[in-house]
Structure formats: C-alpha cells, structure tokens
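Every value quoted in this text rests on a predicted model; they were computed, and no experiment measured them.
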Amino acid sequence: MLANYHTHTYLSHHAWDEPRQYVEYAIKNGLEILGFSDHVPYPFRNGFYSDYHIDLKDSDKYVDIVLSLKKEYKKDIEILLGYEAEYYPQDFDDMIKFISPYNYDYLVLGQHFTFNEYDGHYVAFNSRDKNVLTQYVDQVIQGIDTGLFSVVAHPDLVNVSCDEEFKIQEFTRLCKHAK
C-alpha cells in the first residue's frame, strides 16, 4: 500500500500549493492513502504566537479543506485528517482539548524544539551542547508515553555536534523506547 501521512498545507506556511494539488498528485502517482498532518494549532498559555503552526483562527478552515477533499475524492483515494504536533508538556493538554472536537484521525509527533518554542532550542540549528540531544530524546519519549501519537516524524532533524558514541547511545534509547 502506498501512503503518505505527512502532508502540510499553506495554512502553516510549510507548503505552497493548494491541498487539491497534493491530492491529485497523490492519485496520479498511485497513492492509496493521503494523510494531511499540518502543524497543529497550538494555544500557548502565555499568549505566545507561533507562525510555525496553523493559526488558531484557521483551525476550522484546515478541517473544512481536508474533509471537503476527502468527500470529493472518496472514490479515488482515502484522505485522512491529522496533525503534526510537538510535545510541549506545559501546553500539551490545552492543545489536545482544542483539537479534540475536530475528530482527527491521527497525530504525528514531530518535535522541532526542546522545551517549547518560546524558551527552547530549535533542534535543526546546530548545537555543540549534547544536553540538547538528551532533552530532545527525553521530550520525544514523554510524547510517546502520552499514547496519543501514531508515529514519530523526522528524528534525524536534531542537529548536535558531539561524539558519535553519545549520539548512538541517545538514539538507541529513543528507538528502544519507541519499540
């Protein structure tokens, strides 16, 4: 079965084409399942605004787009409604509460920051502090332990300059826990 569960839209500024174009491309290339998992709208308790996620005011728009395409193309491809989300312990429960009414199909754990966006480290930026890798792995494990995520996305995103043995140790710890 050919499937893609990690598709973004322009609403989070992580894609440029119209969602319909992604559906038509998926059909043309033989995909049987296309899951939209745009960056979840995240209601931060401290009022922080993130242009990394779908804006809270666009939440209905995202769901309407995906569900409309799901209905329109139901004979050609299975379309799923999902979200890619970070595990930010301080704000996670509020985020889940916010998206629960949308009856989404799945969550992808895509940890892009340690701690959170307003006082953490963007893990794709190179760091020489190996504690960034440990914090990243700890936070992904905590996210896995919620039991709410279906998959972990791009753990290769984290970029830390440290000895290979330490990297192997930390990623082995993550993989064993995920297993």
Side-chain angles (χ1 to χ4, degrees), residues 1-45 47-88 91-114 116-118 120 122-125 136 139-140 143-144 146-159 174 178:
M1 165 180 17
L2 289 175
N4 175 359
Y5 297 99
H6 196 165
T7 306
H8 298 309
T9 74
Y10 63 88
L11 291 169
S12 70
H13 317 288
H14 285 83
W16 293 267
D17 293 326
E18 290 295 318
R20 171 181 308 285
Q21 291 174 280
Y22 296 117
V23 173
E24 291 176 359
Y25 186 81
I27 293 167
K28 178 182 169 189
N29 286 281
L31 267 71
E32 298 170 38
I33 300 172
L34 179 63
F36 282 92
S37 57
D38 214 341
H39 290 268
V40 70
Y42 229 113
F44 292 100
R45 288 181 186 191
F48 175 77
Y49 172 78
S50 170
D51 62 0
Y52 199 83
H53 298 272
I54 296 172
D55 193 299
L56 296 175
K57 69 177 175 43
D58 288 330
S59 299
D60 290 339
K61 184 176 185 178
Y62 171 67
V63 172
D64 290 346
I65 288 169
V66 174
L67 295 181
S68 174
L69 292 169
K70 179 177 186 154
K71 183 177 179 182
E72 181 179 345
Y73 288 94
K74 67 182 175 188
K75 293 182 181 175
D76 302 308
I77 191 169
E78 181 180 358
I79 296 177
L80 300 175
L81 173 64
Y83 294 100
E84 179 178 2
E86 290 83 9
Y87 178 71
Y88 299 143
D91 298 298
F92 186 74
D93 290 341
D94 291 338
M95 182 273 296
I96 292 297
K97 185 177 179 180
F98 183 82
I99 65 171
S100 288
Y102 294 114
N103 297 314
Y104 57 90
D105 296 304
Y106 65 101
L107 284 177
V108 172
L109 176 54
Q111 196 70 36
H112 297 86
F113 296 85
T114 57
N116 56 55
E117 289 175 56
Y118 47 85
Y122 180 58
V123 298
F125 289 159
Y136 170 84
Q139 206 159 337
V140 171
I144 290 168
T146 68
L148 297 175
F149 293 99
S150 300
V151 65
V152 174
H154 46 68
D156 57 327
L157 181 68
V158 65
N159 186 2
L174 175 58

**Student:** Minimum heavy-atom separation for L2 to N29, with atom names?
**Tutor:** CD1-O, 4.1 Å

**Student:** Give, for atom NE2 of H14 and atom CD1 of I54, the distance between the pair rounded to the nearest 0.5 Å.
**Tutor:** 10.5 Å

**Student:** Start with the C-alpha gap between V158 and T114, add the side-chain angles, then the distance that decides, and say whether side chain to side chain contact (heavy atoms under 4.5 Å, CB included) holds.
**Tutor:** CA-CA 10 Å; V158 65; T114 57; over 6 Å; no

**Student:** About how many Å separate CD of E78 and NZ of K70, when rounded to the nearest 0.5 Å?
**Tutor:** 6.5 Å

**Student:** Is the ring pair Y122/Y52 parallel, tilted or perpendicular, if the boundaries are 30 and 60 degrees?
**Tutor:** perpendicular

**Student:** Side chains of H112 and E117, heavy atoms from C-beta outward: is any pair under 4.5 Å?
**Tutor:** no

**Student:** Looking at CG of L34 and CD of E24, how far apart are the two atoms once the value is rounded to the nearest 0.5 Å?
**Tutor:** 11.5 Å

**Student:** Just so I know, are the side chains of Y102 and D60 near enough to count as touching, which here means a heavy-atom distance under 4.5 Å?
**Tutor:** yes

**Student:** Kindly compute the distance separating CG (D38) from OG1 (T7), expressed to the nearest 0.5 Å.
**Tutor:** 9.5 Å

**Student:** Of all heavy-atom pairs between A85 and M95, which one has the smallest distance, and what is that distance?
**Tutor:** CB-CE, 3.8 Å

**Student:** Could you walk me through whether F36 and Y62 pass the ring-ring contact (aromatic ring centres under 6.0 Å, His included) check?
**Tutor:** CA-CA 10 Å; F36 282 92; Y62 171 67; 7.2 Å; no

**Student:** Are H6 and H8 side-chain neighbours, meaning at least one heavy-atom pair lies under 4.5 Å?
**Tutor:** yes

**Student:** Using a 4.5 Å cut-off on heavy atoms from C-beta on, say whether the side chain of P155 contacts that of V140.
**Tutor:** no

**Student:** Tell me if the aromatic rings of F92 and F149 count as close, with their centers under 6.0 Å from one another.
**Tutor:** yes

**Student:** Work out which heavy atom in D17 is nearest to a heavy atom in Y10; give both atom names and the distance.
**Tutor:** O-CD2, 4.2 Å

**Student:** Would you name the heavy atoms of I77 and A26 that are closest together and state the gap between them?
**Tutor:** CD1-CB, 3.8 Å

**Student:** To the closest 0.5 Å, what do you measure between CG (L109) and OG (S37)?
**Tutor:** 12.0 Å

**Student:** Has the side chain of D105 got a donor or acceptor atom that lies under 3.5 Å from a matching backbone atom of L81?
**Tutor:** yes

**Student:** With distance as the sole test, does D91 use its side chain to make a donor-acceptor pair with the main-chain N or O of R45 at under 3.5 Å?
**Tutor:** yes

**Student:** Report yes if the side chains of Y83 and P41 come closer than 4.5 Å at any heavy-atom pair, otherwise no.
**Tutor:** yes

**Student:** Please examine the side chains of Y88 and Q139, heavy atoms only from C-beta on, and report whether any two atoms are closer than 4.5 Å.
**Tutor:** yes

**Student:** Return the orientation label for the Y5 and Y106 ring planes: parallel under 30°, perpendicular over 60°, tilted otherwise.
**Tutor:** perpendicular

**Student:** Looking only at non-hydrogen atoms, find the nearest pair between L107 and I99 and report the distance.
**Tutor:** CD2-CD1, 3.9 Å

**Student:** Taking atom NZ of K74 and atom CG of L69, what is their separation to the nearest 0.5 Å?
**Tutor:** 13.5 Å

**Student:** For residues Y73 and I79, report the shortest heavy-atom separation together with the two atoms involved.
**Tutor:** CB-CD1, 4.3 Å

**Student:** Please confirm whether the backbone N or O of V23 pairs with a side-chain atom of Q21, one donor and one acceptor, at under 3.5 Å?
**Tutor:** no

**Student:** Measure the shortest side-chain to side-chain distance between I65 and L11 over non-hydrogen atoms and say whether it is less than 4.5 angstrom.
**Tutor:** yes

**Student:** For the residue pair H53 and H39, categorise the inter-ring angle as parallel (less than 30°), tilted (30 to 60°) or perpendicular (more than 60°).
**Tutor:** perpendicular

**Student:** May I ask you to test the L31-Y25 pair for a side-chain heavy-atom distance under 4.5 Å?
**Tutor:** no

**Student:** Pairing donors with acceptors under 3.5 angstrom, does anything connect the side chains of Y42 and D94?
**Tutor:** no

